[in-house]
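The next block holds one structure in the form of structure tokens; read it before the comments.
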Amino acid sequence: MSENVVHLRKNTDPPADNVTTLTVVPDAPPARPVPLWVRSGRAVKTAVTHETTRATVRAAARHSLYTFNGGRIVARRAWDGRTGSRYERMIRAAEASGNLEAAQEWEERLQRFRAARHHRRMDLLHSPVDAAKGVAVGAGMSIGALVALGVVMAISTGHVSDVVTPLSATIDFIALLIRIVQIVWGPALTIGPFLALLALWSVGRKQHAAPNWALPANVRSGEGEPITPSIVVKALRDLGVPALARAIKEMGDAGASMLGPITIAGCGVEVDVTLPSGVATNEVQGKRRKLAENLTRHEHEVFITIPQAARTVRLWVADSGALDEPIGPSPLVTDDTMTADYSKGKAPWGQDLRGDAAALSLYQRHLLITGLSNQGKTVALRSLALWLSLDKSVQFLMGDLKGVGDWAMFDGLATTLIQGPTDEHVIQVTEMVEGAVDEMNRRIQAPPGTVFPPLIVLVDEAQVAFMCPAKGTGKDKRPYGGAKADSRYFMAVRKIHNQGRAVNVLMWQGTQDPTNENLPKLVREGAHTRASLALGTESQARMALGDKAVDGGAAPNLLRPGLDRGTLVVASDGISIPAGQSSITVRTHYIDDAAAIAITDRAKALRDGVTTLHAIDHSAEHDPLADIAAVIGDAPRVRTKDVLARLSARNGNAYGDWSFLDLKRVLDDADASPYKSEGVMVVSRDRVARALANRDTDGSASAE
């Protein structure tokens, strides 16, 4: 039997295995007290560096210096007005700039000033006596007049006392004036100095006569600051060109004599600067960024060009932020009645920096537009084609080697429209350009005086064609791309550049990021109108526009990628360029796809209907014997060498690789073999004609 023992006393001791050990963590030692002088120093530093304190100090210094420097300006003006120092500065300025004629003119003015001053000083010797005489005579005449007036009054009233009434009234009036002066004189002596200081402060404030750090934030940052002669001279002086700085220092404050008139030009101002002797124009051109910052502008807001005048640079300075504002819509969009004239008209392309309309003549001018990717090249090129499409006589052959639909609205307007980036598309585009070469040769052989409709051969993203690695098949192993004489695309473009404009066959190309590989030298130099959007380097700018334009101030490499989208630097005789300049900067109108479709719909309405080919038909058969007869023409006999050349020009795809053996084989089979005449092999017109007639007769007999 088991027993359960119940303990009446509760065991308060916890089990040994559940004992919780408490760790006592000592309190952190109290922080070391910061000395009073340290706290005071921190407080003083905070107070001194606080923006409110700094603004107060700047304001106090600014207004104090406005007053002080305003006094200096007034004193300088007074000194200039009383002495010949102004003329002497002008003489030194003219001598420093090498303008001896101006120096002589200012010296003559100085002599006239000194003579007039001497005459005035000599007059002062006689003026006291003359003044005393004048006062005595004036007083006597005044008293006499007043007495005479009193006599008239006395006669009228019958009172003898009225004789002195006008005289006593005048004396009372003079006494009143004296009392007024006595009352005002004391306050005027107290307020006068303060008014004088206020006037000096006003002069200093208008001239910003204080250090840059003390000026207000809007003036210090240059936002909206107008371009004045003094600002331009200071900017040139601080440009870092020693010879220029020395010359301006010798000119004193008359450095503005270097400047022509500052005129408003569009959204900015323009001024011609005649540089002193010893300073080259390229020294100023090479410091465009520093000059812009000295003028409180961004680099893209200052343009430096070289006009015709020797030793002169032309500065165009934009209003702050003006170039970031968009220009208006194209007249092609706003005017539904606009038409085009290829030979006499100009395409409305955009605005120049002066805000004037920039229009481009396209008559017999090959065109090249280049730039970095996504800068508006296609839109700029397309806007020209859109305008020209409104001339119903113009024909288009188009190749878009990007193939994203940028030119899709020309379907039904262009004779050929090939779109796509592959090698097959490059082959198609190359054959399209070669077909244009054949058309060009046909036109060249036409009778003199024949007028041909314009044919625009347009290839966008042409760098894809130049970089294409594809080669021909069969006997023709020539590459389609490349920049050598065996490149089919390169040679086709070169042939059009060489002879196309004479018969209105024109080559337009758009390409991006130009290099010697994707835009060969001979091709880019064959364009009459060359335009460039933003580029990365000066060497690319020279590829795009040529050395002459870049040396004359063209700088598409200084345009801002992304921000200056649609802004072109153009070198062409088809656009109005200021005299002496080699290029012009144009901000082009943006025409979106919807507006472009509306314009091409208007262009299609002008035509009877165009069937657009989207590929070159390879299945078209050619007749060698008939082609030989065609190229011989009316000549009794033609050298075999000339026949081969004419066949190649007629159909380069079929006959471009023909040799004498190929020609002889065809003629031998037709019993029209070439023969030797006067020591050279020739082909007889009569033999070929008889062979064609016999073949046609045989064909008819077989059919029966």
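Each residue takes its place number in the sequence, starting with 1.
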* Does the W387 side chain pair with the main chain of L332, one donor and one acceptor, at a distance under 3.5 Å? -> no
* Charged tip of R288 within 45° of F303 ring normal and under 6.0 Å -> yes
* Main-chain N/O of V570 paired to S572 side chain as donor or acceptor, under 3.5 Å -> no
* **Atom pair CZ (F68) and CG (L197), whose distance is rounded to the nearest 0.5 Å** => 13.0 Å
* Using a cut-off of 6.0 Å, state whether more than 12 heavy atoms not belonging to I264 lie near its atom CD1. => no
* Asked: With a 4.0 Å cut-off, would you call D341 and K346 a salt bridge?
  -> no
* Is there a donor-acceptor pair under 3.5 Å between the side chain of S202 and the backbone N or O of L198? -> no
* Asked: Step by step, would you call L315 with V273 a side-chain contact (heavy atoms from CB on, under 4.5 Å)?
  -> CA-CA 8 Å; L315 307 181; V273 181; 3.9 Å; yes
* Asked: Hey, does the side chain of R530 reach the backbone of A544 with a donor-acceptor pair shorter than 3.5 angstrom?
  -> yes
* Starting at CD1 of I584, measure out to CG of L568 and round the result to the nearest 0.5 Å. => 11.5 Å
* To do: Mind checking the CZ-CD1 spacing from R314 to I304? Nearest 0.5 Å is all I need.
  => 13.0 Å
* To do: Give the C-alpha distance, both sets of side-chain angles, the deciding distance and a yes or no for side-chain contact (heavy atoms from CB on, under 4.5 Å) between T567 and V586.
  => CA-CA 6 Å; T567 299; V586 177; over 6 Å; no
* Is a side-chain N or O of W185 found less than 3.5 angstrom from the main chain of I180, in a donor-acceptor match? -> no
* Asked: Are the charged groups of D573 and R365 less than 4.0 angstrom apart, N to O?
  -> yes
* Asked: Just checking, any donor-acceptor pair under 3.5 angstrom between side chains of H63 and W201?
  -> yes
* To do: Quick one: list whatever passes salt bridge (charged side-chain N to carboxylate O under 4.0 Å, His left out) with R72, sequence neighbours left out.
  => none
* Roughly how far, to the nearest 0.5 Å, is the NE2 atom of H298 from the CZ atom of R560? -> 8.0 Å
* Donor-acceptor pair, side chain of S156 and main chain of V152, under 3.5 angstrom -> no
* Run the salt-bridge test on E105 and R109 with the 4.0 Å N-O cut-off and return the result as yes or no. => yes
* Residue pair R297, V317: steps toward the side-chain contact (heavy atoms from CB on, under 4.5 Å) verdict -> CA-CA 8 Å; R297 295 294 191 273; V317 185; 3.7 Å; yes
* To do: Begin with the C-alpha distance, continue with both residues' side-chain angles, and end with the deciding distance and a verdict on side-chain contact (heavy atoms from CB on, under 4.5 Å) for S277 and R311.
  => CA-CA 8 Å; S277 177; R311 219 173 61 209; 4.3 Å; yes
* What distance do L259 atom CG and D272 atom CG have between them, rounded to the nearest 0.5 Å? -> 9.5 Å
* To do: Working to the nearest 0.5 Å, report the span between CD of Q375 and OG1 of T370.
  => 11.0 Å
* Structure fact -> Applying side chain to side chain donor-acceptor pair (under 3.5 Å) to E293 and not counting sequence neighbours gives none
